2 protein chains.
Amino acid sequence: MDALTINEAAETSGWSPRMLRYIEELGLVEPPRSSGGYRLYGPGELQRLRTLRQLLDRFGLGLGDVGFARRMQTESDLRTTVEGWLRSEAARPEHVPADDWLAWEQDKHERLLAEATRRDTTLRETR
Amino acid sequence: MDALTINEAAETSGWSPRMLRYIEELGLVEPPRSSGGYRLYGPGELQRLRTLRQLLDRFGLGLGDVGFARRMQTESDLRTTVEGWLRSEAARPEHVPADDWLAWEQDKHERLLAEATRRDTTLRETR
DNA sequence: GGAACCTTACCACGGCTTTGTGAAGGTTTG
DNA sequence: CAAACCTTCACAAAGCCGTGGTAAGGTTCC
C-alpha cells in the first residue's frame, strides 16, 4: 500500500481534495480505485499533480486550458480544423469561397485521417 | 476602398462591433488600421470572422479556447511543456524523479529555443 | 464645417467555471 | 465494532467571460 488516499494526496500535492475530484472530472488525473471505491494516488499520479500545478503557474493557464489541449490531442478533427483556421491568419486563400472553407478543411482532414489510418502505427512524437 | 469599417464588417460577419474589438484583443483577427486609426476589414479578415463563428459553433468552443490554441502555436515552450505533460498521462516515467520532470522539459525547451534564436537574427532583446 | 462615423476606456450584468462546505451513507483498519 | 476515513450529491459564494452600453474625443468625407 504505497498509494495515498485523497486527503493524503491533497497534502503532498498542494491541491485541495475538492480540486482533486474536479481534476479527475476533467479527465486530467484519474487515479485507480480500491475495491471499495477509494481513489488511490500512486507516485505517478502525485507527480502529475505537482507538475500540473507548476504548468499552470508558469504559463498562467487554467485547468480548462489543459483540458482543451487534451481535446486537441484526442479529437483529430478538432485539431486539424483549429490549426487550419490559425494557419489562415498569415496566408489566407482569397480564392476559396467563404462558406466552403470549413467544409474544405474538413475534407482535407478526412483525407489526412484516411491516410494516417491506412498507415496506422504510432504518431508519437520523437524526442 | 474595398475594406470595411467596423460597423460594416459587423453587419456582414455576424459579430457585433464590440465583439470584433474583443476578438482583436485576443489576437484572433487583427485588421490593419487607416492612418487615422480606423480598423479596416478586408476580404481575408471577413472570411476569417465567418469561419471563426462556424468553428466555435461546430465544436462548442469559446474564443478563449482558440486564443489558447494560438498561444500553443506561438509559444513553443508552452507547446512542448503542455504536450509533455499530456504525454505522461498514458505512460508516466516512474524512473524520473518527481521534481526533475518539469525542469527536464524546460531544459529541452531551452535547447530548442536557443537553436531557434541562433538562426533568427532579428529577435528583440531578451531580458 | 458638420454629420456620421470611428477610437479608447470604463461600468454592468447574466451565465458559466472554480472552489468550498455540508449531508447521508459506505469502507478501512486498529 | 467504532473511529476515522472515504464516497457522491447538492447548494452556494466568488470570480471570470462574453457582451452590451455609454461617455469623451478624434477621423472621414460631403
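Lettering follows sequence order; numbering is per chain, from 1. From a predicted model like this one, the values you see are computed outputs, not experimental measurements. Below, each value reflects all heavy atoms present in this structure, side chains not excepted, and no hydrogens, waters or symmetry copies.
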Atom-to-atom span, [atom1] of [X] to [atom2] of [N] - whole angstrom:
X	N	atom1	atom2	value
B:Leu61	C:dT17	CG	P	13 Å
B:Glu24	C:dT8	CD	C1'	12 Å
B:Glu25	C:dT7	CD	P	13 Å
A:Ile6	D:dC5	CD1	P	14 Å
A:Leu40	C:dT29	CG	P	10 Å

Any donor-acceptor pair under 3.5 Å from [X] side chain to [Y] backbone:
X	Y	answer
B:Asp65	B:Gly62	yes
B:Arg21	B:Ile6	no
A:Arg39	A:Arg33	no
B:Trp85	A:Leu55	no
B:Arg50	B:Gly14	no

Any side-chain donor-acceptor pair under 3.5 Å between B:Glu8 and B:Thr5?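 Yes, B:Thr5 and B:Glu8 have a side-chain donor paired with an acceptor closer than 3.5 Å.
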Side-chain donor-acceptor pair present, A:Arg48, B:Ser88, cut-off under 3.5 Å: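 Looking only at side-chain atoms, B:Ser88 and A:Arg48 do form a donor-acceptor pair, the distance falling under 3.5 Å.
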Salt-bridge present (A:Glu83, B:Arg70; N to O < 4.0 Å):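 Looking at A:Glu83 and B:Arg70, the cut-off is not met.
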Short heteroatom pairs, N/O only, protein and nucleotides 23-28 of chain D, under 3.5 Å:
residue, atom, partner, partner atom, Å
D:dG26, N2, B:Tyr38, OH, 2.5
D:dT27, O2, B:Tyr38, OH, 3.1
D:dT28, OP1, B:Ser34, OG, 3.1
D:dT28, OP1, B:Gly36, N, 3.1

Can you give one letter per nucleotide of nucleotides 9-21 of chain D, 5' to 3': B if a protein heavy atom sits under 4.0 Å from the base, S if only from the sugar-phosphate, - if neither? --------SSBBB
